[in-house]
Amino acid sequence: MKRMIAGVLLLIGLGAGTLFAEDSYRRERDIRRDEAKIAHDRWELRRALYNGDYAAAEHERRELRREYRDLDP
């Protein structure tokens with residue numbers, strides 16, 4: 001009986017460890033995607049400023065603020 005309880009607890013513990021590892025991977029992937037979006041928005045901001053399109057530049061600034069806010073924990 002004790003072995004059966006120990007075996008069940010061991011399986012539950014291993015299953016929980018797998019869940020935590022997968023969650024960490026997803027979080028890392030989400031952060032990388034957010035960083036890629038920020039890099040793209042910065043490029044668009046530079047392009048808008050270079051072309052003198054200040055309305056588009058303001059739009060990109062708002063997008064950047066929103067993306068930076070998403071990165072904060």
Side-chain angles (χ1 to χ4, degrees):
M1 185 71 175
K2 288 182 182 180
R3 284 186 184 186
M4 187 174 84
I5 292 172
V8 169
L9 289 176
L10 181 64
L11 286 175
I12 290 172
L14 291 174
T18 304
L19 289 174
F20 289 125
E22 188 172 319
D23 184 47
S24 174
Y25 170 74
R26 287 184 183 156
R27 180 163 170 78
E28 295 276 335
R29 187 181 63 198
D30 289 343
I31 289 173
R32 284 194 304 270
R33 285 183 181 171
D34 287 342
E35 288 173 347
K37 285 181 187 177
I38 287 172
H40 182 73
D41 287 340
R42 292 173 92 185
W43 177 79
E44 287 179 337
L45 174 63
R46 285 192 303 269
R47 186 181 63 180
L49 289 172
Y50 178 78
N51 292 332
D53 190 357
Y54 299 111
E58 183 57 34
H59 174 75
E60 294 304 326
R61 283 187 182 110
R62 275 188 259 121
E63 281 187 358
L64 279 168
R65 276 189 225 112
R66 187 175 59 241
E67 292 297 331
Y68 279 125
R69 195 175 332 137
D70 288 346
L71 276 181
D72 288 336

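Just so you know, residue 1 is the first one in the sequence shown, and it goes up from there.
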So how far is it from Leu49 CG to Tyr54 OH, rounded to the nearest 0.5 Å?
7.0 Å
Taking all heavy atoms of Ala48 and all of Ala57, pick out the closest pair and write down the distance.
CB-N, 3.8 Å
Scan for side-chain hydrogen bond (donor to acceptor under 3.5 Å, both in side chains) pairs involving residues 35-50, sequence neighbours excluded, and state none if there are none.
His40-Glu44
What residues, two or more places apart in sequence or in another chain, satisfy side-chain contact (heavy atoms from CB on, under 4.5 Å) together with Arg29?
Tyr25, Arg26, Arg32, Arg33
CZ-CG distance between Arg69 and Asp34, expressed to the nearest 0.5 angstrom
12.5 Å
Rounded to the nearest 0.5 Å, the CD atom of Glu63 sits from the CD1 atom of Ile38 at a distance of 11.0 Å
All side-chain contact (heavy atoms from CB on, under 4.5 Å) counterparts of Arg62, not counting sequence neighbours
Glu58, His59, Arg65
